[in-house]
Visitor: 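Okay, handing you the structure first.
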Amino acid sequence: MIDHLRQKGLGVDPVCRVLELSPSTYFARKKRPKSARRLRDETLIPLIEEIHAESGGTYGTCRITRALRRKDVVVARCTVERLMAELGLEGVIRGRRRRTTVPEPSAPRPPGLGLCDVVIMRWCSLRSSANASDNVTFATISPPPRPG
């Protein structure tokens, strides 16, 4: 992001001040070499895009993982999943997703289902245990009264 703003003519110091980031942190990050994971991701991304395009955009995570393994590329399914999410790729989902309950927007909501109604409890009585040596107190709870 800072690099993008630098190309537009803004300096590093003002941008870092707005982001509450030290400019030295930015420059240290720029000098740091790419991690092994990032380097591996950069080799896998074109392969994943190629296989996804060859399938006509139908292959999902599992099938792309299998296709990569057929090409002798050892990769975990979760890695392919992460990279596909990063690239915005997804496979085709067969069938229709089930939706068991479809609420009617114009129907009136039942009373007493607000957050406050759920949280409110009425404490009727407190009684101590029968054995006086126990320092345990029991509480009897009754539900809130229903609106009449």
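In what follows, residues are counted from 1 in the order of the sequence shown.
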Visitor: Do the side chains of R38 and E86 get close enough for a salt bridge, i.e. N-O under 4.0 angstrom?
Guide: yes

Visitor: Has T25 got a side-chain atom pairing as donor or acceptor with L21's backbone, closer than 3.5 angstrom?
Guide: no

Visitor: Flag the pair Y26 / L19 as yes when at least one side-chain heavy-atom distance between them is below 4.5 Å, and no otherwise.
Guide: no

Visitor: Nearest 0.5 Å, please: how far is CG in L89 from OG1 in T61?
Guide: 9.5 Å

Visitor: Under 3.5 Å, which donor-acceptor pairs do the side chains of residues 43-50 form with other protein atoms, sequence neighbours left out?
Guide:
unit_1 : atom_1 : unit_2 : atom_2 : d
T43    : OG1    : R40    : O      : 2.6
E50    : OE2    : K71    : NZ     : 3.4

Visitor: Are any non-hydrogen side-chain atoms of L87 and H52 less than 4.5 angstrom apart?
Guide: no

Visitor: Can you tell me how far the CZ atom of R70 sits from the OG1 atom of T65, to the nearest 0.5 Å?
Guide: 10.5 Å

Visitor: Please tell me whether V73 and L39 are part of a single hydrophobic cluster in this structure, the criterion being side-chain heavy atoms less than 4.5 Å apart.
Guide: no

Visitor: Is the shortest side-chain heavy-atom distance between R77 and C62 below 4.5 Å?
Guide: yes

Visitor: So R29 and R32, do their side chains get closer than 4.5 Å, heavy atoms only?
Guide: yes

Visitor: Can you tell me which residue pairs pass the salt bridge (Lys or Arg N to Asp or Glu O under 4.0 Å) test with a partner in residues 8-27, sequence neighbours excluded?
Guide: none

Visitor: Taking all atoms of both residues into account, what is the closest heavy-atom pair of M84 and E90, and its distance?
Guide: CE-CA, 4.0 Å

